[in-house]
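For reference, the structure discussed in these notes is given below.
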Amino acid sequence: MDAVDDADQLPETAKNDVTSFFESAPPLKDAAETEKSLKEFVDRNASLSVNGKANRVVCVTSGGTTVPLEKRCVRYIDNFASGHRGAASTEYFLMAGYSVIFLYRRGTCQPFCSLLPDDPLLECLSVADDSTIEADPLHAETVKRAITETRAAVADGILLKLPFTTIFEYLQILQLISASLRGLGPSAIFYLAAAVSDFYVPWESMTLHKIQSASGPLDMRLAQVPKMLSVLRNEWAPMAFYISFKLETDKDILLAKADMALKKYKMHMVIANELSTRKEEVIVVTEQEKVTVRRDSTQAGAEVECPLVELVVDRHSAYIKKVDP
Ligand code: PAZ
């Protein structure tokens with residue numbers, strides 16, 4: 001039977017699904033190295049505590065997870081996420097005094113790099129007469145900012161960047177992050193902006209070699225990714241402040257789906273957005289309110305993440321006051 005008496009506990013089947021997902025996943029490369037950097041990062045931020053309260057840390061997830069179809073992966077299922085939301089939000093959280101664990105899809109947008117052209121290596125660098133390489137004057141300021149801001153944040157121990165590609169890596173690293181943030185209690189935020197696959201091919205049923213087209217049309221059954229948000233929220237780091245995102249292309253179902261996620265996963269905030277307008281506006285859904293947050297279109301370069309992060313910081317402060325006065 002699925003149901004349990006205590007609403008705060010997860011049904012046994014959900015826990016078993018999660019356990020078997022992790023047991024059958026390929027081992028995470030560099031797991032020990034990731035754990036070590038997380039420990040150093042969190043210890044450092046705990047030591048930066050003010051008035052006995054830990055420094056605030058946010059885990060921002062960004063970009064989309066891939067679903068490999070072969071173990072020696074040639075083909076995979078992917079999604080549209082560019083990582084802009086996560087990268088821009090990271091900048092605003094850093095400006096607001098938070099430390100950020102940036103869990104991002106390899107190759108997607110990076111904090112402080114949004115103004116760089118598409119091919120920064122070829123477009124931002126030029127070769128001088130004496131063959132030295134220099135920044136093209138047109139992009140010099142942007143390049144300088146990207147390098148200095150990123151390096152300073154990493155060197156100061158307030159930005160930790162952790163890359164993922166597959167759904168397996170994403171969930172494994174998220175579990176490590178939650179274990180290290182658990183001790184920070186309400187000072188930690190999970191800001192889950194990544195677009196995470198709902199379906200996957202379990203590792204044990206995946207073919208080793210490239211799928212051959214000679215065998216005719218591909219008939220493949222995908223399993224459902226276990227509802228990791230429940231486990232994260234209820235078991236891995238239950239005192240943290242949770243913000244998940246809900247993306248739809250049909251605006252008629254968007255708010256109902258966001259409301260459902262709020263209740264089902266006991267999120268503190270769900271950010272509802274539509275694919276085509278996601279850079280212009282989002283709707284912040286909480287138990288008490290629905291607030292539309294818009295980009296300031298009168299300001300060149302203004303981003304919706306600026307007022308959005310401001311609102312999140314405000315609600316997080318109220319949460320900390322409530323649970324840890
Ligand atoms: O990465 P991006 O800036 O292109 O897009 C951001 C987003 C739409 C992926 C994010 O706002 C979001 O809604 N993430 C959750 C998607 C989902 O419903 O799974």
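Both ligands and their constituent atoms are indexed starting at 1 by order of listing.
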task: Would you please say whether a donor-acceptor pair under 3.5 Å links the side chains of Y98 and R56?
output: yes

field: Residue pair T61 / Y191, side-chain donor-acceptor N/O under 3.5 Å
entry: no

- request: Look up atom OG in S99 and atom CG in L160, then write down how far apart they are to the nearest 0.5 Å.
  value: 10.0 Å

message: Under a 3.5 Å cutoff, is there a donor and acceptor pairing between the side chains of T165 and T66?
response: no

query: How far is atom 12 (C) of ligand 1 from its nearest protein heavy atom, and which residue and atom is that?
result: F245 CB, 3.5 Å

- line: Checking L174, L192, N234 against L229 for side-chain contact (heavy atoms from CB on, under 4.5 Å), the one that qualifies is L192

message: Geometry only, no angles: is G83 polar-contacting ligand 1 at N/O separations under 3.5 Å?
response: yes

- prompt: What part of A194 sits under 4.0 Å from ligand 1 if we count only heavy atoms: the side chain, the backbone, both or neither?
  reply: backbone

G86 heavy atom under 4.0 Å from ligand 1: no

- request: Considering heavy atoms of the protein only, find what lies nearest to atom 2 (P) of ligand 1 and give residue, atom and distance to 0.1 Å.
  value: S82 OG, 3.4 Å

message: Regarding ligand 1, does G63 bring an N or O atom to under 3.5 Å of one of the ligand's N or O atoms?
response: no

query: Does the side chain of Y200 pick up a donor-acceptor pair with the side chain of Q224 at under 3.5 Å?
result: no

field: Distance from atom 16 (C) of ligand 1 to nearest protein heavy atom, with residue and atom
entry: L247 CB, 3.7 Å

- prompt: Tell me, which pairs form a salt bridge (charged side-chain N to carboxylate O under 4.0 Å, His left out) where one or both residues lie in residues 156-180, sequence neighbours left out?
  reply: R106-E169

statement: closest protein heavy atom to atom 9 (C) of ligand 1 is A193 O, 3.6 Å

- prompt: Same cluster or not: are I133 and L121 linked, directly or through other Ile, Leu, Val, Met, Phe, Trp or Tyr residues, by side-chain heavy atoms under 4.5 angstrom apart?
  reply: yes

field: Nearest neighbour in protein (non-hydrogen) for atom 13 (O) of ligand 1
entry: N273 ND2, 3.0 Å

- request: Could you list the atoms of ligand 1 found under 4.0 angstrom from a heavy atom of K246?
  value: 18 (O)

query: Which residue from R278, H84, K257, R85 reaches closest to atom 5 (O) of ligand 1 through any of its heavy atoms?
result: R278

